[in-house]
Protein chains: 2
Amino acid sequence: MNAQNDDFENWDEIRTAYQVARLGTLSAAAAQLGVHHATVIRHIDALEARLGCKLFQRHARGYTPTEAGQDLLKVGAATEDQFAQLSGRLRGKGAEVSGELIVTMLSGLSPWLTPVLGVFQAQHPDLRLTVMLDERLLRLEYGEAHLAIRAGPKPTEPDNIVRLLGTFPVSLFAHRDYVARYGTLKSLEGLAAHRFVSGLKTAQRSPLDRWLGQNVPEDSIAFRASEPRSQSDAVIAGVGIGFLMSHIAAVHPDLVMMTDPLPEWQTPIWLVTHMAIHRTAKMQAISGFLSDNASVN
Amino acid sequence: MNAQNDDFENWDEIRTAYQVARLGTLSAAAAQLGVHHATVIRHIDALEARLGCKLFQRHARGYTPTEAGQDLLKVGAATEDQFAQLSGRLRGKGAEVSGELIVTMLSGLSPWLTPVLGVFQAQHPDLRLTVMLDERLLRLEYGEAHLAIRAGPKPTEPDNIVRLLGTFPVSLFAHRDYVARYGTLKSLEGLAAHRFVSGLKTAQRSPLDRWLGQNVPEDSIAFRASEPRSQSDAVIAGVGIGFLMSHIAAVHPDLVMMTDPLPEWQTPIWLVTHMAIHRTAKMQAISGFLSDNASVN
DNA sequence: CAGGTTCTGTGCATGAATGCACAGAATGAT
DNA sequence: ATCATTCTGTGCATTCATGCACAGAACCTG
């Protein structure tokens with residue numbers, strides 16, 4: 001088997017010989033293959049030498065296949081057909097909105113995006129949708145996730161395709177009970193008199209966490225949580241003032257916006273896919289759907 | 001069709017991906033293919049990018065094929081099988097002493113070699129043997145002939161495989177009737193008193209013709225013929241003295257050797273084949289047969 | 001017959017593919 | 001926990017495949 005394999009250690013030479021056998025001249029085969037005719041003749045020379053077998057009778061105006069060349073013509077045609085069918089199947093799969101789809105996002109985006117994804121899945125019943133809430137950067141190239149929805153600076157990992165979902169206003173919110181007890185926020189100079197909810201001090205991954213760290217005394221951070229969802233839960237429970245996207249806060253009638261949103265708080269949201277699957281209909285469909293349906297009214 | 005073809009414009013990448021899918025690691029595939037693992041990963045990267053489709057899940061300890069990768073595994077296995085069978089058929093044909101065999105030689109060698117070739121053909125009834133007597137240099141690479149039997153200096157055409165059949169003594173012969181009428185050849189100093197048979201004056205391709213041209217007065221060349229066979233016919237008919245190989249002349253009891261053979265008259269005979277077919281059993285068989293059976297006893 | 005066109009075949013320069021060397025990740029053994 | 005082994009992934013240097021430019025052969029047209 002291995003000894004036989006050595007005869008055909010270059011499948012591209014077979015492809016070239018097949019085209020010459022099919023078309024009859026070096027020039028035509030070269031045009032079909034998109035290479036120079038010198039390349040074609042060299043492939044034929046190499047293949048014939050390796051096989052120790054003449055594949056063609058050579059004439060000034062083209063090549064005619066020998067019996068061996070005709071045999072190779074048949075095998076080459078079958079191979080090309082098989083590859084074309086494989087290509088069609090792969091494209092067919094890629095043209096479907098079906099199969100598994102793993103979406104990863106920060107927990108803070110879940111209350112907003114999970115219902116949207118649910119509607120998408122209802123529209124495509126063949127889709128097996130998985131939503132993973134994870135701070136950790138799931139590896140798109142490892143297939144741990146197919147779509148990552150990220151906030152903050154534009155992701156720059158190589159081999160990733162990044163698309164902006166939108167830039168969303170963020171502001172400081174508190175529960176009305178908190179406001180009744182501690183009062184409103186008169187201005188940004190009065191931050192120290194209030195209690196705040198933030199992320200872990202050691203991390204401060206989010207630009208908003210860093211903003212709080214720079215503008216609020218440490219003694220005024222009343223509550224720290226590793227997950228954004230826990231942070232928003234604390235705000236909703238009246239523990240303190242914290243950042244939320246305006247449209248997420250709008251879902252809660254008991255939340256009060258403490259100050260107008262600053263432009264620097266605006267947060268871009270990115271849809272990230274791996275280039276190897278970006279072109280599939282599935283990925284195009286989910287990206288388009290999120291762009292159309294995750295906007296804030 | 002052409003659009004589909006573009007997906008698989010590099011059949012060697014498919015071969016590489018097939019080996020990875022089959023063996024599970026880049027290293028194993030690289031070893032099997034005889035390339036570096038860097039080459040393997042680059043072929044996979046290129047193919048996945050071109051297809052826009054993940055073929056593998058990538059892990060630190062190897063690759064597992066996706067559904068698409070498994071599809072490619074099946075197609076690759078079928079392709080490899082088809083190519084292996086093609087290889088077997090070509091080798092099988094090459095292992096047979098059958099089909100067409102065209103042998104070309106000078107006419108002067110025909111009385112000696114044609115019977116030998118006839119015996120060879122009788123031993124291989126599936127062989128379609130053609131003997132072409134031609135001064136013109138038939139193109140081995142064009143398939144006009146498969147085996148050329150040539151005399152004189154060693155042929156040097158590229159892509160030809162040349163094998164010495166033997167070096168044969170040549171001498172000057174005349175018919176006994178000629179000797180009865182004109183006497184014997186006392187020495188090489190008495191050449192002018194005799195009549196000779198030679199090739200065309202304008203050609204003098206053969207070293208023997210040139211020897212005559214240099215050592216015999218032109219008036220003593222009684223008979224010129226373009227074909228060596230015609231020349232030997234004239235000698236046999238008693239027209240004059242002419243060169244023949246000793247073993248060919250020995251077939252004619254009426255021919256008399258006029259002088260001992262000179263070493264410079266010795267003539268090497270070469271078997272010439274084209275490298276593309278040289279290794280086939282057919283060519284090996286005919287070359288071996290001629291070496292064994294065309295010797296002079 | 002002469003000239004134009006199409007095609008093959010080859011030496012040399014260029015560009016692309018490949019191998020080398022290294023580093024990092026993951027796993028297993030001690 | 002540390003070290004060794006296996007494997008993947010990448011930048012750079014080297015090698016090899018390819019394209020360019022040219023010439024020759026064969027055929028067709030005027």
Side-chain angles (χ1 to χ4, degrees), chain A residues 9-17 19-50 54-65 69 136-144 157-160 274-276, chain B residues 9-17 19-50 54-65 69 136-144 157-160 274-276:
Chain A
E9 65 182 37
N10 190 324
W11 284 9
D12 276 323
E13 282 170 4
I14 308 178
R15 180 176 184 229
T16 303
Q19 292 292 347
V20 173
R22 186 171 80 90
L23 298 170
T25 67
L26 300 182
S27 313
Q32 174 68 24
L33 294 164
V35 298
H36 194 266
H37 74 258
T39 299
V40 175
I41 193 173
R42 290 189 187 117
H43 279 188
I44 303 297
D45 284 345
L47 191 58
E48 284 188 335
R50 181 177 298 120
K54 276 180 68 66
L55 297 170
F56 300 101
Q57 302 294 358
R58 303 179 174 204
H59 312 286
R61 282 301 183 98
Y63 285 23
T64 55
R136 189 169 57 93
L137 197 54
L138 290 181
R139 304 265 185 109
L140 291 179
E141 67 269 20
Y142 276 18
E144 293 176 349
E157 289 94 333
D159 294 339
N160 284 351
H274 190 256
M275 69 182 204
Chain B
E9 66 184 36
N10 191 324
W11 285 8
D12 276 324
E13 283 170 3
I14 307 179
R15 182 179 184 227
T16 303
Q19 292 291 346
V20 173
R22 185 171 79 89
L23 298 170
T25 67
L26 298 182
S27 313
Q32 174 69 23
L33 294 165
V35 297
H36 194 266
H37 74 257
T39 299
V40 174
I41 194 174
R42 292 189 186 115
H43 279 186
I44 302 298
D45 283 344
L47 191 56
E48 284 187 337
R50 182 177 295 120
K54 277 179 68 65
L55 299 169
F56 300 100
Q57 302 293 0
R58 301 179 176 204
H59 311 288
R61 283 300 183 97
Y63 284 23
T64 56
R136 188 169 58 97
L137 195 53
L138 290 181
R139 303 268 184 106
L140 291 178
E141 67 269 19
Y142 277 18
E144 293 176 350
E157 289 94 332
D159 294 340
N160 284 353
H274 191 256
M275 70 179 201

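FYI, side chains are in, hydrogens and waters are out, and symmetry mates aren't considered; it's all heavy atoms of this structure. These numbers were taken from a predicted model, which means no experiment stands behind them. Chain identifiers are assigned alphabetically (A, B, ...) following the order of the sequence lines, protein sequences preceding nucleic acid strands; residue numbering begins at 1 within each chain.
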Q) Looking for any heavy atom pair under 4.0 Å, which part of the strands does Leu26(B) touch: base, sugar-phosphate only, or nothing? A)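 Contact class for Leu26(B): sugar-phosphate only.
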
Could you tell me the separation between the [atom1] atom of [X] and the [atom2] atom of [N], rounded to a whole number of Å?
{"X": "Arg15(A)", "N": "dT18(D)", "atom1": "CZ", "atom2": "P", "result": "12 Å"}
{"X": "Asp45(A)", "N": "dC16(D)", "atom1": "CG", "atom2": "P", "result": "18 Å"}
{"X": "Arg58(A)", "N": "dA25(D)", "atom1": "CZ", "atom2": "P", "result": "17 Å"}
{"X": "Ile44(B)", "N": "dT18(C)", "atom1": "CD1", "atom2": "P", "result": "12 Å"}
{"X": "Glu13(A)", "N": "dT18(D)", "atom1": "CD", "atom2": "C1'", "result": "13 Å"}
{"X": "Leu23(A)", "N": "dC7(C)", "atom1": "CG", "atom2": "P", "result": "11 Å"}
{"X": "Ile41(B)", "N": "dG19(C)", "atom1": "CD1", "atom2": "P", "result": "14 Å"}
{"X": "His36(B)", "N": "dT14(D)", "atom1": "NE2", "atom2": "P", "result": "16 Å"}

**Q.** side chain to side chain contact (heavy atoms under 4.5 Å, CB included), paired with Phe56(B), selected from Thr64(B), Leu26(B), Val20(B)
**A.**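 Answer after filtering Thr64(B), Leu26(B), Val20(B): Val20(B).
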
Considering only side-chain heavy atoms of [X], which listed nucleotide, [options], is closest?
{"X": "Ala60(A)", "options": "dA26(D), dT18(C), dG19(D)", "value": "dA26(D)"}
{"X": "Arg42(B)", "options": "dT27(C), dG19(D), dG19(C)", "value": "dG19(C)"}
{"X": "Ser27(A)", "options": "dC7(C), dG19(D), dT8(D)", "value": "dC7(C)"}

Q. OP1 or OP2 of dG19(D) sitting under 4.0 Å from any side-chain N/O of Thr39(A)?
A.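 For dG19(D), OP1 or OP2 has a side-chain N or O of Thr39(A) closer than 4.0 Å.
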
Compare every heavy atom of [Y] with every heavy atom of [X], then report the nearest pair and how far apart it is.
{"X": "Arg58(B)", "Y": "Asp45(B)", "result": "NH2-OD1, 2.8 Å"}
{"X": "Gly69(B)", "Y": "Ala21(B)", "result": "O-CB, 4.1 Å"}
{"X": "Ala28(A)", "Y": "Leu23(A)", "result": "O-CD1, 3.6 Å"}

Q) Mind checking whether Leu47(A) and Arg50(A) have side chains closer than 4.5 Å, heavy atoms only? A)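 Side chain of Leu47(A) against side chain of Arg50(A), heavy atoms only: contact under 4.5 Å found.
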
Q. Hey, which of these two, His43(B) or Gly24(A), hits DNA chain C nearer its 5' end, going by closest nucleotide?
A. Gly24(A)

Q.
Need to verify one output field. Residue with the more 5' nearest nucleotide on DNA chain D, Arg61(A) or His37(B)?
A.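 Between the two, 5'-proximity favours His37(B).
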
